[in-house]
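Worksheet: the structure to be examined is printed underneath.
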Number of protein chains: 2
Amino acid sequence: MSGIKETSTNYANKQALADECAEAYAANIIGGQWALVICSWLLHGKLRFGELKKLLPNITERMLTLQLRKLEASHIVKRTVYAEVPPRVEYELTAIGYELKPIIKGLEEWGEKHKLIAF
Amino acid sequence: MSGIKETSTNYANKQALADECAEAYAANIIGGQWALVICSWLLHGKLRFGELKKLLPNITERMLTLQLRKLEASHIVKRTVYAEVPPRVEYELTAIGYELKPIIKGLEEWGEKHKLIAF
DNA sequence: GACATTACTTACATTTTTTATAGTACCATA
DNA sequence: TATGGTACTATAAAAAATGTAAGTAATGTC
């Protein structure tokens, strides 16, 4: 992934789990505080960096960059840079990224349902 | 959740996200390194602490306890203690926990598919 | 020449999660 | 009296994730 230490037990555990459990593998990829929500917004269509930032009011630019980079590295979002000034960069889901749609919807519905039960 | 600092920005962000995004809310609940895999095993039926430990070879007892406690607090697993010596404790999914099944399956399928693409 | 805009980057601090290691209570059996 | 099994708990440390604050490049407009 990004700066994770390849000598740590944690790294070894993640690898082992991901190897034998595709759902753990998937969770590693779309895990992280903002990844799912970013994908959720991108399901509606392309968005620029600044637009995403507005949609996720409390995210810092650093976190947004990190998450987008991670999603890009996982082939879930595609990044397009336009050679303009000021710069314009657009993010959109790839095909495999778009296939997260039913999962995100599922989580959404499950979450709504769970909220009712939990309180 | 567990030991998270209610004065931190991170806490505030998580709350805010969970409030407006049910999928982020859900992700908070089933997030964590082992939670999904534990649920995945429990989809097959009740399991004892020691059995889960064997199924997740590298997990420490502490992590297993923490994750189970978190899942219990979220009403996703039910814990039953039998007054025996040596002790016997069984874990099983609740109704709402069981409803994670299609999501877990979805993640599993998506993960398999993603593995093919990513390499 | 100063300023605004956009999408970042960098260095550093803090918080959260995960791992490591050792111990506990209970009682039955040897 | 010692040992073993089960499901934990306590404490510390390491690692990972997230947040804070400042700075950068390019160029068009004032």
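Everything numeric here is computed off the predicted structure, so don't read it as measured data. Proteins come first, then strands; the chains are lettered A, B, ... in the order of their sequence lines, and each starts at number 1.
Looking at heavy-atom distances under 4.0 Å, B/Y91 makes contact with sugar-phosphate atoms alone, never a base. Among the atoms of the strands shown, none is found under 4.0 Å from any heavy atom of A/E84. As judged by a 4.0 angstrom heavy-atom cut-off over every strand, A/E51 is placed among residues making no nucleic acid contact. The residue B/E90 sits apart from the nucleic acid: no heavy atom pair falls under 4.0 Å.
Taking atom CG of residue A/L52 and atom C1' of nucleotide C/dA7, one finds them 12 Å apart after rounding to whole Å. The CE atom of A/M63 sits 16 Å away from the P atom of C/dT15 (whole-angstrom rounding). Note: CD (A/Q33) to C1' (C/dT15) measures 11 Å, nearest angstrom. Computed from coordinates, the B/Y11 OH to D/dG19 P distance equals 15 Å when rounded to whole Å. Spacing between atom CZ of B/R79 and atom C1' of D/dT6 amounts to 12 Å, rounded to whole angstrom units. Straight-line distance from the CZ atom of B/R48 to the P atom of D/dG5: 13 Å, rounded to whole Å. In this structure, A/L66 places its CG atom 10 Å from P of D/dG19, rounding to the nearest Å. Rounded to whole Å, atom P of C/dA25 lies 23 Å from atom CZ of B/R88.
Contacts of B/A24 classified as side-chain contact (heavy atoms from CB on, under 4.5 Å), with partners at least two apart in sequence or in another chain: A/V37, B/L17, B/C21.
Remark: the backbone N or O of B/H75 is paired with a side-chain donor or acceptor of B/T94 at under 3.5 angstrom.
In this structure, A/Q67 reaches the D/dT18 phosphate: one of its side-chain N or O atoms is under 4.0 Å from OP1 or OP2. In terms of phosphate contacts, A/N10 brings no side-chain nitrogen or oxygen within less than 4.0 Å of OP1 or OP2 of C/dT18.
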Base contacts versus sugar-phosphate-only contacts with protein, heavy atoms under 4.0 Å: please encode nucleotides 21-30 of chain D as B, S and - from 5' to 3'. -----BB---
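When each of A/V77, A/L55, A/V89 is tested with A/L47 by the rule side-chain contact (heavy atoms from CB on, under 4.5 Å), just one qualifies, namely A/L55. Residue B/T65 forms a side-chain contact (heavy atoms from CB on, under 4.5 Å) with just one option from B/R69, B/R62, B/M63, and that option is B/R69.
Nearest-nucleotide mapping onto DNA chain C: of A/L68 and A/T9, the residue sitting toward the 5' end is A/L68. Of the two residues near DNA chain C, A/N13 and A/F49, the one whose nearest nucleotide lies more 5' is A/F49. Nearer the 5' end of DNA chain D, as judged by each residue's closest nucleotide, is the contact made by B/T65, out of A/T7 and B/T65. Residues A/I59 and A/S8 both approach DNA chain D. Their nearest nucleotides, taken by heavy-atom distance, put A/S8 toward the 5′ side.
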With a 3.5 Å cut-off and sequence neighbours excluded, list the donor-acceptor pairs that the side chains of residues 96-107 of chain B form with protein atoms.
unit_1	atom_1	unit_2	atom_2	d
B/Y98	OH	B/K101	NZ	3.4
B/E99	OE1	A/K113	NZ	2.9

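Distance from the side chain of A/K5 is smallest for D/dA15 among the nucleotides C/dA20, D/dT9, D/dA15.
For the atom pair OG1 (B/T9) and OH (B/Y11), the distance works out to 13.0 Å, reported to the nearest 0.5 Å.
Donor-acceptor pairing under 3.5 Å is recorded for the side chains of A/E23 and B/S40.
Under a 4.0 Å N-O distance rule, the pair A/E90/A/R48 does not qualify as a salt bridge.
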